[in-house]
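Notes follow the structure.
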Amino acid sequence: MLSKRNKEVLFNPLSKDNPVLVQILGICSTLAVTVKLEPAIVMGLSVITVMAFSNVIISLIRKTIPTTIRIIVQLVVVAALVIVVQQFLVAYDYDVSLQLNVFIGLIITNCILMGRLEAFALNNKPWPSFLDGVGNGLGYMLILVIVAFFRELLGSGTLLGYQVIPQWCYDHGYMDNGMMILPPMALITVACIIWVQRARNKDLQEQA
Amino acid sequence: MNKNSNIYQILYAAIMVVLVGAVLALVYMSLKPRQDENIANDKRRQILAAVHIAPPTESETGATFDKYVTGGMLVDSLGAVVDTTRKAAFEVDMSKNVKQAQRQLPVFVCTLDDGSTKYVIPLYGAGLWGPIWGYAAVDDNGNTVYGTYFTHSGETPGLGARITEPEFQKQFDGKELHKEGAFKSIAVMKKGQKPLDGSDYVDAISGATITSRGVGDMLEQCIKYYEPFLKQLSNRSNQ
């Protein structure tokens with residue numbers, strides 16, 4: 001089930017090959033949905049679902065796809081899955097679906113998806129493709145959750161909607177940082193995470 | 001079979017599209033009842049928000065709505081009541097209704113804990129990128145605004161989207177819809193400016209000129225049809 005190679009496929013995207021930190025893909029939605037933790041988690045789960053299943057589907061039909069129209073085929077599969085996810089959200093988590101409205105639709109344009117389909121699913125069997133999709137989705141979600149954690153904590157003083165910074169801090173002059181709620185701080189937070197990661201992984205550092 | 005022949009490609013694309021279409025239709029049909037229920041609940045929450053009531057939990061939305069929104073009616077442009085069921089008022093789709101020459105005018109009757117009665121009027125208008133809508137609750141004197149609720153489908157986050165914030169909506173509380181007996185809608189003005197005709201006004205959102213103007217226009221365009229109805233309310237409360 002989990003051979004050495006499959007393990008690499010699943011776990012490498014979490015750090016060494018992270019789609020956001022190393023490949024710098026999917027930055028747009030990282031800025032947009034990380035103001036609060038809950039939408040970030042739902043967005044991450046949605047991307048994992050769409051990515052895993054589109055990888056499997058493309059991998060299953062990879063031998064039948066005419067090379068000339070393969071991008072269109074990939075787009076149709078991804079778009080269909082995204083619509084399914086969106087419909088499920090409207091039916092089961094209406095509030096979050098309102099918040100994520102535009103961004104769920106934009107999963108289609110998330111570079112991570114098409115990138116994995118082109119680079120992996122078209123040349124690999126369904127099971128490794130599934131793992132690759134889950135792995136990259138998790139790598140994306142991990143960054144989303146880290147960024148959202150700091151933005152919600154410092155920007156609103158809450159986590160998952162619960163107040164975590166006690167009232168006496170506010171009474172003594174502590175204030176939520178409104179900047180954290182704005183998109184630029186997401187970029188800076190991502191940059192800090194990239195900094196920490198490169199500092200720890202020597203082989204990721206570019207030659208000066 | 002040659003995978004790159006034209007016939008293969010066209011057939012492949014055609015079959016794929018039909019299959020995907022069928023799957024999506026199936027998903028849509030099977031989830032529709034639940035989605036409609038969610039949308040209706042959201043509408044209930046919005047109406048309650050106009051009278052400053054929030055359901056304690058999501059699942060209690062229906063019960064809270066039944067408790068406070070005690071009635072509903074459809075009135076005509078002369079103020080006469082044509083239907084007195086809450087269901088009829090609830091089922092009016094404002095996005096279609098505003099385009100019709102003969103508009104249906106739904107009103108929700110809310111009875112609050114202190115026994116006072118508020119009349120909630122649905123609003124529908126245009127923002128910068130798409131429709132904006134909301135509800136305005138009016139006291140039983142047909143004049144004073146008790147509360148408002150606005151929302152939108154796609155206004156700019158941080159700018160026009162701020163019409164959903166309580167800070168903006170709270171400004172409308174206590175404003176009056178009439179000056180010296182004539183209908184004067186509440187104006188949404190740039191900070192520091194006042195409307196020339198002496199009507200009540202609130203501060204617009206800086207950086208969201210068009211959405212703010214949209215809210216002002218929406219109030220005027222929607223409430224003006226209710227003018228005869230509001231007159232009757234005010235006459236009744238004066239007796």
Side-chain angles (χ1 to χ4, degrees), chain A residues 31-36 39 53-54 57-58 60-103 105-106 108 122 155 161 178-186, chain B residues 1-46 49 54-55 57-59 61 129-130 151-159 161-162 164-165 167 207:
Chain A
L31 304 192
V33 300
T34 51
V35 176
K36 293 259 151 70
F53 286 102
S54 61
I57 293 172
I58 290 295
L60 280 173
I61 58 173
R62 69 186 187 280
K63 296 211 170 92
T64 68
I65 301 174
T67 42
T68 39
I69 58 166
R70 68 177 195 285
I71 302 280
I72 301 174
V73 175
Q74 292 166 11
L75 262 183
V76 170
V77 169
V78 174
L81 283 167
V82 167
I83 295 172
V84 170
V85 167
Q86 199 158 23
Q87 296 292 328
F88 266 94
L89 275 183
V90 173
Y92 290 97
D93 201 344
Y94 191 73
D95 283 344
V96 171
S97 85
L98 285 184
Q99 283 177 48
L100 292 179
N101 202 348
V102 194
F103 304 111
L106 284 177
I108 303 172
L122 274 178
M179 271 282 275
M180 289 306 286
I181 297 174
L182 301 173
M185 287 313 285
Chain B
M1 193 168 179
N2 180 6
K3 263 193 347 184
N4 284 320
S5 75
N6 283 346
I7 294 181
Y8 181 82
Q9 285 176 30
I10 291 169
L11 274 180
Y12 194 91
I15 293 172
M16 175 183 69
V17 168
V18 170
L19 273 179
V20 168
V23 170
L24 288 184
L26 194 75
V27 169
Y28 178 73
M29 295 294 284
S30 54
L31 293 177
K32 188 120 194 1
R34 259 199 98 96
Q35 295 180 349
D36 288 346
E37 184 53 32
N38 279 340
I39 292 166
N41 262 339
D42 194 48
K43 187 171 178 179
R44 292 190 183 105
R45 239 189 336 257
Q46 294 179 8
T57 64
E58 217 172 308
S59 53
T61 309
W129 302 113
T151 189
H152 63 96
S153 69
E155 298 305 296
T156 322
L159 297 172
R162 288 178 57 201
T164 57
E165 291 179 1
E167 285 74 30

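Side chains are part of it too, since the values below use all heavy atoms of this structure and drop only hydrogens, waters and symmetry mates. Within every chain, numbering begins at 1; the chains are lettered A, B, ... in the order of the sequence lines, protein sequences first and strands thereafter.
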Looking at every heavy atom in both [X] and [Y], which two are closest together, and how far apart are they?
X: B:N38; Y: A:V90; value: ND2-O, 2.6 Å
X: B:R34; Y: A:A91; value: NE-O, 3.1 Å
X: A:A80; Y: B:L24; value: O-CD2, 3.5 Å
X: A:I65; Y: B:Y12; value: CG1-OH, 3.3 Å

>> Let's go through A:I69 and B:M16 carefully: what are the C-alpha distance in whole Å and the side-chain angles of both, what is the deciding distance for side chain to side chain contact (heavy atoms under 4.5 Å, CB included) to 0.1 Å, and is it a yes or a no?
In response: CA-CA 12 Å; A:I69 58 166; B:M16 175 183 69; 6.0 Å; no
> Given a strict heavy-atom distance threshold of 4.5 Å, which part of A:T64 is in contact with chain B: side chain, backbone, both, or neither?
Replying inline: both
>> So which residue, B:I39, B:L31, B:D36, B:V27, ends up with the most heavy-atom pairs under 4.5 Å with chain A?
In response: B:L31
> Looking at CD of B:Q35 and CG of A:L89, how far apart are the two atoms once the value is rounded to the nearest 0.5 Å?
Replying inline: 10.0 Å
>> Looking only at heavy atoms and a cut-off of under 4.5 Å, which of A:I72, A:I83, A:T68 has the most pairs with chain B?
In response: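 Greatest number of close heavy-atom pairs with chain B: A:T68.
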> A:V73, A:L182, A:I181: which one forms the most heavy-atom pairs within less than 4.5 Å of chain B?
Replying inline: A:V73
>> Is the shortest side-chain heavy-atom distance between A:Y94 and B:D42 below 4.5 Å?
In response: yes
